[in-house]
There are 2 protein chains.
Amino acid sequence: MANIQQVAKHAGVSVATVSRVLTGKNIVTAKTKQKVEEAIQYLNYEPSMLGRNLRNSESRIVLILIPTISNPFYFEIIKGIENMALSQNYSILLCETDSKPEKEEIYFDLLRKKMADGIISMDPAVNVETLKELSENYAIIQCSEYGGGVGIPYVTIDSEEASYRAVKHLIQIGHRKIALMNSDEKFLYARERRMGYERALREHGIPLNKDYILYTQELGFEQGQLAMKKILQLEDRPTAVFGVSDLLAIGALKEINAAGLHVPNDIAVVGFDKIDFSNMTNPALTTVAQPMYKMGTVAARMLIEKIQGKPVDSVVLGFELVIRESTTG
Amino acid sequence: MANIQQVAKHAGVSVATVSRVLTGKNIVTAKTKQKVEEAIQYLNYEPSMLGRNLRNSESRIVLILIPTISNPFYFEIIKGIENMALSQNYSILLCETDSKPEKEEIYFDLLRKKMADGIISMDPAVNVETLKELSENYAIIQCSEYGGGVGIPYVTIDSEEASYRAVKHLIQIGHRKIALMNSDEKFLYARERRMGYERALREHGIPLNKDYILYTQELGFEQGQLAMKKILQLEDRPTAVFGVSDLLAIGALKEINAAGLHVPNDIAVVGFDKIDFSNMTNPALTTVAQPMYKMGTVAARMLIEKIQGKPVDSVVLGFELVIRESTTG
DNA sequence: GATGAAAATGTAATCGATTTCATTTTACAG
DNA sequence: CTGTAAAATGAAATCGATTACATTTTCATC
């Protein structure tokens with residue numbers, strides 16, 4: 001509980017000198033340095049971030065905005081962000097918005113009140129207006145999800161292409177009746193994924209069937225079950241389902257099994273994200289793997305550069321189709 | 001980017017008066033209050049937590065120590081902690097230790113450097129010595145996991161009784177050959193759960209079979225698969241498996257399915273924790289539900305009271321056995 | 001209108017560090 | 001031994017709030 005004053009006094013030097021030893025930037029005689037270090041040892045001194053942060057006008061905390069902590073999709077990204085942040089002496093504060101503006105505001109306020117130095121937003125439902133406004137004065141990066149054309153740097157993958165490749169895979173193994181379980185198209189990624197889906201069909205001369213496209217409010221397991229229920233009731237039942245999240249696809253799996261049908265023999269299933277659980281289901285899920293860890297580290301680096309006032313450019317990363325039992329038996 | 005000085009100047013009052021308006025504690029004339037509020041509006045002023053925190057010698061941040069963010073078991077607890085913390089104007093910093101002392105130290109340092117006001121530890125592998133030492137000067141609560149007899153307040157459930165009830169359920173539906181997939185017994189909860197298992201067997205006159213007790217390094221899916229592989233190779237194959245975490249049980253499920261056996265007809269499975277995914281598997285998992293959200297709110301309240309210097313007592317919460325398809329078909 | 005207590009406001013110290021600028025010490029050449 | 005430039009150190013301002021204490025204002029009462 002000692003402070004820098006007491007260390008200075010005990011070492012017989014000024015606080016400035018102690019500070020120099022602490023930050024290690026300025027030159028200090030080996031002898032005085034040792035005196036100071038002994039005093040630090042003796043008093044069990046730990047520099048207070050409160051004082052340092054005030055003086056430096058920084059908090060060394062970055063915010064990560066996610067809609068919900070329950071979606072494992074964010075795990076690897078968060079790990080990536082965290083490791084990069086930690087290596088630069090930043091701590092991360094995980095902010096669950098529940099896609100509610102009120103909760104979002106709590107965290108925006110943290111930024112305004114200097115409790116945080118920047119934000120990495122992964123919430124597709126984020127208020128883009130406010131975000132845009134904040135980005136004029138604060139460091140903000142969009143990760144994975146992004147609102148187009150607002151001038152906020154982002155890191156993401158090519159959703160359209162990823163979706164195209166997933167559907168193309170289904171077509172190549174013989175499917176022509178392919179359902180799409182999509183998210184609300186107010187989200188850019190949802191529009192892009194539908195476009196990829198349509199492009200694959202078009203390219204293979206498969207006519208678009210509106211009944212095969214379903215929209216869900218959220219990307220969770222229950223929504224997947226519900227959507228699958230509807231699909232199973234269609235007269236001309238699809239032989240394959242592409243869900244834009246693994247949780248949706250896992251919900252579909254469960255529902256198909258419950259109906260006494262077999263995956264992939266009766267219906268093949270493809271997911272999106274390659275969350276840990278996509279490998280634990282029965283059968284294991286074919287899915288699109290985003291480079292999540294990488295995405296996290298890139299986002300963190302971009303944010304820190306933004307905080308330091310450097311200019312940063314948006315980044316589009318690659319992806320990979322992981323073929324497993326739910327499409328190939 | 002205005003500070004309190006500028007607000008005071010613009011409103012024609014002293015900084016003390018502005019501060020009084022901000023904190024709302026001291027009495028200020030309606031007229032001056034209005035002047036100040038107008039100035040705040042006009043200058044777009046937001047009080048800096050950096051200044052406030054230094055002056056108040058607090059950071060209003062609490063740390064949550066978890067071994068890994070990938071285990072969904074922690075979700076609900078975290079939500080509980082977060083909501084309670086938020087309501088008291090605290091923010092939470094999620095700290096993944098990977099059960100590594102080095103990472104743990106990073107977060108302990110945050111506490112020592114006044115970057116955090118307290119810690120809720122959910123890491124069973126935490127260094128209890130250091131924790132004990134820290135608890136003399138800082139606010140610390142153990143949640144869910146705890147090292148006994150170190151004098152740090154904790155909130156948990158009665159693991160022995162929960163385990164006893166889970167095994168008793170298996171016995172009641174006719175099983176006598178019951179395997180236990182347990183965690184390393186260096187953890188108190190692992191010892192308690194084995195004791196509950198043994199008590200249930202003893203009470204029903206079932207002799208203990210050492211071969212039926214397996215130990216895993218971690219509580220993950222892969223460890224569950226591995227353990228199940230071993231169990232399937234036993235000469236006298238068990239008809240039921242009790243895993244001390246849902247992830248272990250889900251690993252077992254997958255492995256049983258892969259071996260062409262049926263759950264629960266060939267082998268019944270029981271998990272522990274009632275994570276979201278325990279309901280998404282095929283079949284849905286019978287499991288022990290811990291009151292996770294409640295546990296989180298209680299832990300947070302205890303921590304905040306500790307921070308405020310109040311004395312706090314440990315709490316043991318109830319649990320519930322959730323019977324689903326993996327034991328009853 | 002004077003008086004005094006209560007209410008409102010202001011002044012200045014404080015929290016704990018960093019950093020600019022001034023001063024002292026060191027080291028080396030002459 | 002002296003002079004001087006460079007290196008080391010110190011004094012004090014600063015970051016932005018809160019608050020103890022001092023001072024001023026208000027207002028009921030006589």
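Residue numbers start from 1 in every chain, and the chains themselves are labelled A, B, ... in the order their sequence lines are given, proteins ahead of strands. Please read these numbers as outputs of a predicted model, since none were measured by experiment.
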Nucleotide [N], atom [atom2] - distance to [atom1] of [X] in whole Å:
| X | N | atom1 | atom2 | value |
| --- | --- | --- | --- | --- |
| B:Gln6 | D:dG16 | CD | C1' | 11 Å |
| B:Asp117 | C:dC15 | CG | C1' | 14 Å |
| B:Ile4 | C:dA12 | CD1 | C1' | 14 Å |
| B:Lys9 | C:dG10 | NZ | P | 15 Å |
| B:Gln5 | D:dT14 | CD | C1' | 11 Å |
| B:Met115 | C:dA17 | CE | P | 14 Å |
| A:Leu22 | C:dG16 | CG | C1' | 11 Å |
| A:Lys31 | D:dA7 | NZ | C1' | 14 Å |

Could you please name the option among [options] that lies closest to any side-chain atom of [X]?
| X | options | answer |
| --- | --- | --- |
| A:Arg55 | D:dC15, D:dA12, C:dT9 | D:dC15 |
| B:Val28 | C:dT9, C:dA17, D:dC15 | C:dT9 |
| A:Ile27 | C:dG16, D:dG16, D:dA8 | D:dA8 |
| B:Ala16 | C:dG10, D:dT9, C:dA17 | C:dG10 |
| B:Thr29 | D:dT19, C:dT9, D:dA8 | C:dT9 |
| B:Leu54 | D:dT18, C:dG16, D:dA17 | C:dG16 |

query: Contact class for B:Ser19 vs. all strands (heavy atom < 4.0 Å): base, sugar-phosphate, or nothing?
result: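 The answer is base, as B:Ser19 lies within the cut-off (heavy atoms under 4.0 Å) of a base atom.
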message: Over all strands shown, is A:Val18 touching base, sugar-phosphate only, or nothing at heavy-atom distances under 4.0 angstrom?
response: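 A:Val18: no heavy atom of the nucleic acid under 4.0 Å.
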query: Does A:Thr32 put a side-chain nitrogen or oxygen below 4.0 Å from OP1 or OP2 of D:dT9?
result: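 For D:dT9, OP1 or OP2 has a side-chain N or O of A:Thr32 closer than 4.0 Å.
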- prompt: Does A:Thr23 make a side-chain N or O approach to OP1 or OP2 of C:dT18 shorter than 4.0 Å?
  reply: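 Indeed not, no polar side-chain atom of A:Thr23 lies that close.
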query: Ignoring hydrogens and geometry, is there a side-chain-to-backbone donor-acceptor pair from A:Glu145 to A:Met122 under 3.5 Å?
result: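 A pair under 3.5 Å: no.
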query: Counting distance only, does the side-chain N/O of A:Gln6 pair as donor-acceptor with the main-chain N or O of A:Asn3 below 3.5 Å?
result: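 Yes; judged by distance alone, with no hydrogens or angles, the pair exists.
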message: Quiz question: going by heavy-atom distance under 3.5 Å, is there a donor-acceptor pair between the base of C:dG10 and the side chain of B:Arg20?
response: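 Answer is yes: a donor-acceptor pair is held.
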message: Tell me if the side-chain of B:Arg52 makes a donor-acceptor pair with the base of D:dT18, cut-off 3.5 Å, by modelled atom types.
response: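 Under the 3.5 Å cut-off, the side chain and the base do not form any donor-acceptor pair.
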message: Heavy-atom count check: over 12 atoms from other residues, nucleotides or ligands less than 6.0 Å from A:Glu102 CD?
response: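 Counting neighbours around CD of A:Glu102, more than 12 heavy atoms of other residues, nucleotides or ligands fall under 6.0 Å, so yes.
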message: Does atom CD (A:Glu133) have a neighbourhood of more than 12 heavy atoms from anything else shown, all under 6.0 Å?
response: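 Open.
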- prompt: Taking only residues two or more places apart in sequence, or in another chain, which ones meet A:Asp117 in a side chain to side chain donor-acceptor pair (under 3.5 Å)?
  reply: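 Here the qualifying residues are A:Ser59.
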- prompt: How do A:Leu50 and B:Ser14 order along DNA chain C: which one's closest nucleotide is nearer the 5' end?
  reply: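 Closest to the 5' end, via its nearest nucleotide, is B:Ser14.
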query: If you find the nucleotide of DNA chain C closest to B:Asn56 and the one closest to A:Asn56, which residue's nucleotide is nearer the 5' end?
result: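 This one resolves to B:Asn56.
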- prompt: Taking the six-membered ring for Trp, are A:Phe75 and B:Phe75 ring centroids under 6.0 Å apart?
  reply: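 So the answer is yes for these two rings.
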